[in-house]
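Please read all numbers here as calculations on a predicted model, not as lab measurements.
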Amino acid sequence: MARPLRIHLLPLLLVVLASISSSLAEIKNLKISSDSRATILFEKFGFTPRGEVTIAVSDVSVSSALGTPDPALLGFFLLSDESLIQAAYDSQHDHRSNPNPNPGPNPGCVLHSTYVRPLFTFAELYPDSSVALNRSFPVSHPDEYSLFFANCAPETAVSMSVFTEMYNARPDGSRDFLSVGQSPVPSLYTFFAAAYIAFFAVWIYLTLFKNRLAAHRIHHLMAGLLLTKALNLVFAAEDQHYIRQTGTPHGWDVLFYLFQFLKGVLLFTVIILIGTGWSFLKPFLQEREKKVLMIVIPLQVIANIASVVIGETGPFIRDWVTWNQVFLLIDVICCCAILFPIIWSIRSLRETSKTDGKAARNLAKLSLFRQFYIVVIGYLYFTRIVVYALKTIASYKYRWVSVAAEETASLAFYIFMFYMFRPVDKNQYFVLDDEEEEAAEMVLREEEFEL
């Protein structure tokens with residue numbers, strides 16, 4: 001029966017991978033209603049040798065079309081990443097040895113697998129299932145563990161209220177409710193928040209004092225973006241700090257999600273408006289550019305709703321993976337949409353350069369927009385692909401590295417974008433050098449600025 005049990009574990013691998021970024025264990029009170037899924041993932045958490053799991057179950061109700069199910073087939077267990085990988089490897093090895101196994105009518109229950117650590121089953125609740133059950137379990141082997149509920153009884157639905165608490169004990173006896181790999185995150189958010197506040201102060205000095213006459217409306221919108229980004233990081237740091245200390249965010253998550261929404265909308269809006277040249281090249285938007293904004297902003301609203309659902313519920317809800325897919329799809333659409341205005345501007349400048357006789361100015365504009373286009377693509381690729389790869393391949397102890405990489409890339413992108421489009425009396429948009437006109441015309445004839 002060993003191999004069928006390993007096969008039963010393999011679907012859990014996909015669930016665990018889908019939840020790879022949700023490794024912070026707030027104290028949670030969850031409600032499961034008439035759920036017949038074979039396995040339900042509640043939390044993922046990275047433990048030190050001084051870890052502990054507390055589970056309380058109450059209001060348990062079990063219904064089955066096949067009569068009274070065996071309560072020993074319903075229960076909670078822990079599964080470490082190390083054991084899950086070993087189970088997948090052993091299953092593949094067994095498949096090569098025996099490609100046509102006959103597991104029989106009962107392939108076994110995951111609760112009986114040697115790869116999992118059973119915590120308790122509903123047999124401890126019976127005969128009185130109305131009695132609440134509260135258990136605590138020490139974790140002495142450091143690893144990242146997933147807390148699952150298993151329902152091995154066929155055609156059986158379960159309803160219950162579940163309280164979960166995971167933490168690592170510090171040397172002084174206090175509790176750390178953040179996963180091992182997430183512990184440095186509050187400090188990282190605080191550092192980057194301070195960096196953006198300093199950045200905001202410098203930008204305000206440039207736009208309102210030093211180069212006030214050269215500042216345009218887009219520069220004030222960019223100041224708003226910096227402010228919302230800084231506040232988003234401040235509230236993220238507070239949210240993570242309180243979760244780490246107490247297990248609950250104490251309301252800071254509401255402010256975090258609010259400013260995450262504002263930051264997301266402003267970032268995409270600023271990139272689109274810079275790509276169109278609004279306010280510093282032209283005072284209006286074309287119809288097609290307005291349509292891009294009308295598409296991106298509502299999509300950002302939906303994406304942030306999905307983000308709240310993902311962050312505030314967890315993998316235990318039925319549609320959690322679907323919400324992740326919705327968020328990913330919308331994010332991809334928005335990332336593609338913001339590139340179109342930049343492409344349109346490059347093509348428009350290319351056509352204009354053939355007729356207006358201002359080769360040096362147009363060459364500078366084309367070079368600037370082309371650089372901006374490349375940097376935007378690099379930023380989107382890094383924060384969407386590379387950061388996700390870091391989350392996936394990094395050890396659970398170093399999950400904070402992906403946060404540091406993402407915030408560092410974001411800060412570098414902001415600095416580049418704000419520097420290139422800063423308010424100055426004479427920037428690359430308005431450089432006119434008569435001596436270079438002829439050379440610029442030759443470059444424009446030879447260089448097609450194709451994307």
Subject >> Test log, rule salt bridge (charged side-chain N to carboxylate O under 4.0 Å, His left out), inputs R170 and D172 >> reply: CA-CA 5 Å; R170 300 189 182 99; D172 61 0; 5.4 Å; no
**OP:** Check step by step if salt bridge (charged side-chain N to carboxylate O under 4.0 Å, His left out) holds for K397 and E144.
**Re:** CA-CA 9 Å; K397 297 178 182 179; E144 187 170 45; over 6 Å; no
**OP:** Evaluate the side chain to side chain donor-acceptor pair (under 3.5 Å) criterion for residues T54 and S136: first the C-alpha distance (whole Å), next the side-chain angles of each, then the deciding distance (0.1 Å), finally the verdict.
**Re:** CA-CA 4 Å; T54 298; S136 294; 3.0 Å; yes
**OP:** Tell me, with the steps shown, if Q286 and T276 meet side chain to side chain donor-acceptor pair (under 3.5 Å).
**Re:** CA-CA 9 Å; Q286 297 178 356; T276 63; over 6 Å; no
**OP:** List the steps and the verdict of salt bridge (charged side-chain N to carboxylate O under 4.0 Å, His left out) for E407 and K229.
**Re:** CA-CA 11 Å; E407 293 303 332; K229 176 65 176 177; 3.2 Å; yes
**OP:** Run the numbers on Y189 and Q240 for side chain to side chain donor-acceptor pair (under 3.5 Å), then give the verdict.
**Re:** CA-CA 9 Å; Y189 282 146; Q240 295 287 290; over 6 Å; no
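Put simply, the side chain of V116 does not reach to within 4.5 Å of the side chain of L78, judged on heavy atoms. A heavy-atom distance below 4.5 Å is not found between the side chains of F177 and M166.
What you find for N211 and P423 is that their closest heavy atoms are ND2-O, 2.8 Å. In terms of heavy atoms, G311 sits closest to Y257 at CA-OH, 3.4 Å. The nearest pair of heavy atoms linking S410 to Y196 is C-OH, 3.5 Å.
Residues E124 and R135 are paired through a salt bridge, judged by an N-O separation under 4.0 Å between the basic side chain and the carboxylate. Salt-bridge annotation for E165 and K28: absent, with no side-chain N of the basic residue lying under 4.0 Å from a carboxylate O of the acidic one.
In this model, a donor atom of one side chain and an acceptor atom of the other lie less than 3.5 Å apart for S80 and S83.
A donor-acceptor pair under 3.5 Å is absent between the side-chain atoms of S61 and the main chain of S159, judged by distance alone.
For F256 and F235, the ring centers sit 6.0 Å or farther from each other. Less than 6.0 angstrom separates the ring centroid of F421 from the ring centroid of F372. F45 has its ring centre no less than 6.0 Å from the ring centre of Y396.
Residues passing the side chain to side chain donor-acceptor pair (under 3.5 Å) test with N29, sequence neighbours excluded: none. Residues passing the side chain to side chain donor-acceptor pair (under 3.5 Å) test with D176, sequence neighbours excluded: S183, R244.
Listed by first then second residue, pairs satisfying side-chain hydrogen bond (donor to acceptor under 3.5 Å, both in side chains) with a partner in residues 62-74 read S64-T156, not counting sequence neighbours.
In this structure, the separation between CH2 on W203 and CG on L208 is 11.0 Å, given to the nearest 0.5 Å. The OH atom of Y167 sits 14.0 Å away from the OG1 atom of T246 when rounded to the nearest 0.5 Å.
Put simply, the residue from F192, F418, Y205 that forms a ring-ring contact (aromatic ring centres under 6.0 Å, His included) with F199 is F418. A ring-ring contact (aromatic ring centres under 6.0 Å, His included) with F148 is found for exactly one of F77, Y115, F76, namely F77. Here the rule is side-chain contact (heavy atoms from CB on, under 4.5 Å) with F149, and of L41, L74, V162 only L74 fits it.
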